[in-house]
Structure formats: C-alpha cells, structure tokens
There are 2 protein chains.
Amino acid sequence: MQQERTLSIPGNFGETRRLQPDVFARDCPTRQLLDRVADKWSVLILLTLGSESMRFNGLKRRIQGVSQKMLSQTLRSLERDGLVTRRIEPAVPVIVIYTITPLGRGLLGALQSMIDWAEACMIEVAAAQNDYDKRQASV
Amino acid sequence: MQQERTLSIPGNFGETRRLQPDVFARDCPTRQLLDRVADKWSVLILLTLGSESMRFNGLKRRIQGVSQKMLSQTLRSLERDGLVTRRIEPAVPVIVIYTITPLGRGLLGALQSMIDWAEACMIEVAAAQNDYDKRQASV
DNA sequence: CAGCATCCATGACGATACTG
DNA sequence: CAGTATCGTCATGGATGCTG
C-alpha cells in the first residue's frame, strides 16, 4: 500500500490542509528535517550505527574528534526523530546501547553515497580550492 | 583507468604519506568536505542548479527563506570547491549565471535521495518527535 | 561507563543599508 | 541585478568539572 505523501496540518479555522512536502518551501517540515540530517555528526553517527549497534564511548572512539557534548546532543536529536533508539541495560556500571531504527536505516544509502562521493572527489576538490585561491590572490 | 583513492600529503620530514581517505579520521580532508556538503543551503543550491542553471535572484526566489548573505556565501564556497561555476555576462545591469559542474553533478544522486527520504518520512519523524516529547513531559 | 552542567569564545546568521 | 559591508544576536561547540 502506497502511502500518500501529504501532511495534515490543522489550519487557523480547525480545518485540515493537505500539504505537499516541498523542501524548497520555507515552512515545510522537511526543511527542519533536512537541517538535522544534513549535519556532520548526524551523518557520522548514523553511518556508524548502520554497521553495528554501539555504546556511547564506542561511538566516541569511532568518530574521531567529536566531543561528548556534541555526541550526546546529536544522539538525543536522532532519538527524538526516531532514527535511533537508546537501550539501557541494568548493570553496574550501566550499559547504554544505541541502535539505528528501520526509519533511520532508510537514510543510510543516501548518506553512504555522500561519503563515497566525498572520499572519491576530495583530491579534485582540493585542486579546485587551490586554483580558486590562486586566482583570488592574483586579483 | 581506475584512480587510486589515496592522497599525497607532505609529512613532517618531507616524505609523502599515502592516506586512505577516511571520513571517520579527525584530520581527513573528507571531514571538511562533508561539513561543507552536509549543509542545508548547499544541498538546496546544488539540487536547484542540478535541474537548471540559474541567476542569483532566481536562486533566491526558488530557495525560500535563504538570506542573500547566506546565498552568496554558500555560492562562493561551492565555487571554490569546484562544484559550481559562476559566469558573468557583460550587460547592464550585469547578468550572473550559476551552473553546476560535472564534479558537483556527481553528488546530486545522493542529495536527491536525502530529500526523497525526508519528504517520504517527515510524517513518521513528526510522530516520533511527538512521542518523545510526550514521554519526556511525563518524566 | 555514560553522561549532565557550566563557562566561554568563536562563528553562524539575519536585518539593514549601501554600491556599480 | 547582483551583490558587499556592517552590526547585533543567538547558537555552535570545545573545555572543564562533576555525578551515579
């Protein structure tokens, strides 16, 4: 069964408006969603959890350079958006395991493509930057 | 001919190190690249230019809510990275046309997938947020 | 181990005004 | 039209110290 891609939103007078999702529209919820998902730490976290569930410090080790503040902050956002679940195992000390949800898994392909592109093109991009900077310097 | 995906970087003693690109490494250039590309305005600009070249104010109209500051700033970054070109046609007033490069075009698939996912899943995500907020309120 | 609370600096970003 | 320049605000994000 194909789900209709519209969103019901209560209007000013209680009626429901049917909204076509459009990320180019200023107030479309997809805009906020894009802002969340198009984020360095979100991308790296989701990709990591895509290959295996992991504990907090595991993620911290894997994603080099992330502070625990950004890590816990981003994890909470992802949990709130339903892309990641947080499971607590009663132990001393406590064990917390983060797992990607099926919803989050649906995003994985796109994210991996982005990374693949970045890893494949970084040399060309670096060259382009060099060119650009040289041209600017000569002006 | 398959290009090797390594990057030559001058080391401390003048030798060249062969680096495997790894976005999880703190200092890999792909990390900066990811930060650029995983950006709301970059995504929207590239997608727009993916379907047609466009002038500054055309972009501004299409991408609702972008300020001219962020637009020109992001365009300059994208130009520097070699993902977009800027062509000036001598006229009065001047005409400036932005076009996506083949390099940038290679990223389009991934970005479109991201948007498709966002538009498809925004309802589920909104529901998840609701759930989460309710659970938080009851604690 | 898995965080939260706090402080603080830098930078992101929008609004506004101005230019060729 | 296609921007640049400047200002003020708010958020981002690292560093540090503390908790159960």
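All figures in this text were calculated on a predicted structure; none of them were measured in a lab. Note on naming: letters A, B, ... go to the chains in the order of the sequence lines (proteins, then strands), and numbering restarts at 1 for each one. Hydrogens, waters and symmetry mates play no part in the numbers below; they use all other heavy atoms, side chains included.
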Is any side-chain nitrogen or oxygen of [X] closer than 4.0 Å to OP1 or OP2 of [N]?
| X | N | result |
| --- | --- | --- |
| Ser72(B) | dA2(D) | no |
| Tyr98(B) | dG3(D) | yes |
| Arg86(B) | dA2(D) | no |
| Arg76(B) | dT4(D) | yes |
| Arg55(B) | dC1(D) | no |

Side chains of Thr48(B) and Met54(B) in contact at under 4.5 Å (non-hydrogen atoms)
yes
Could you tell me whether the side chains of Arg36(B) and Ser77(B) share a donor-acceptor contact shorter than 3.5 Å?
yes
Side chains of Gln112(A) and Asp116(A): any donor to acceptor distance under 3.5 Å?
yes
Spacing between [X] atom [atom1] and [N] atom [atom2], to the nearest angstrom:
| X | N | atom1 | atom2 | value |
| --- | --- | --- | --- | --- |
| Asn57(A) | dG3(C) | CG | P | 8 Å |
| Leu71(B) | dA5(D) | CG | P | 16 Å |
| Glu89(B) | dC1(D) | CD | C1' | 13 Å |
| Leu75(B) | dG3(D) | CG | C1' | 11 Å |
| Glu79(A) | dC4(C) | CD | C1' | 15 Å |
| Leu59(B) | dC1(D) | CG | P | 13 Å |
| Ile45(A) | dG3(C) | CD1 | P | 11 Å |

Taking the six-membered ring of Phe24(A) as reference, does the cationic atom of Arg62(B) (NZ for Lys, CZ for Arg) lie under 6.0 Å from its centre and within 45° of its axis?
yes
Ionic contact status for Asp133(A) with Arg80(B), cut-off 4.0 Å
yes
For nucleotides 7-20 of chain D, just jot down a letter per nucleotide in 5' to 3' order: B, S or -, based on protein non-hydrogen atoms under 4.0 Å.
B-----BBBBB---
Ignoring hydrogens and geometry, is there a side-chain-to-backbone donor-acceptor pair from Thr30(A) to Leu33(A) under 3.5 Å?
no
Arg86(B) side chain to Arg76(B) backbone, donor-acceptor under 3.5 Å:
no
Quick check: closest heavy atoms across Arg55(B) and Val94(B), and the distance to 0.1 Å?
NH2-O, 4.3 Å
For residues Leu34(A) and Leu108(B): do they belong to one hydrophobic cluster (side chain heavy atoms under 4.5 Å, members Ile, Leu, Val, Met, Phe, Trp, Tyr)?
yes
Estimated bend of the helix from dC1(C)-dG20(D) to dG20(C)-dC1(D) (axis per five terminal pairs, rounded to 10 degrees):
50°
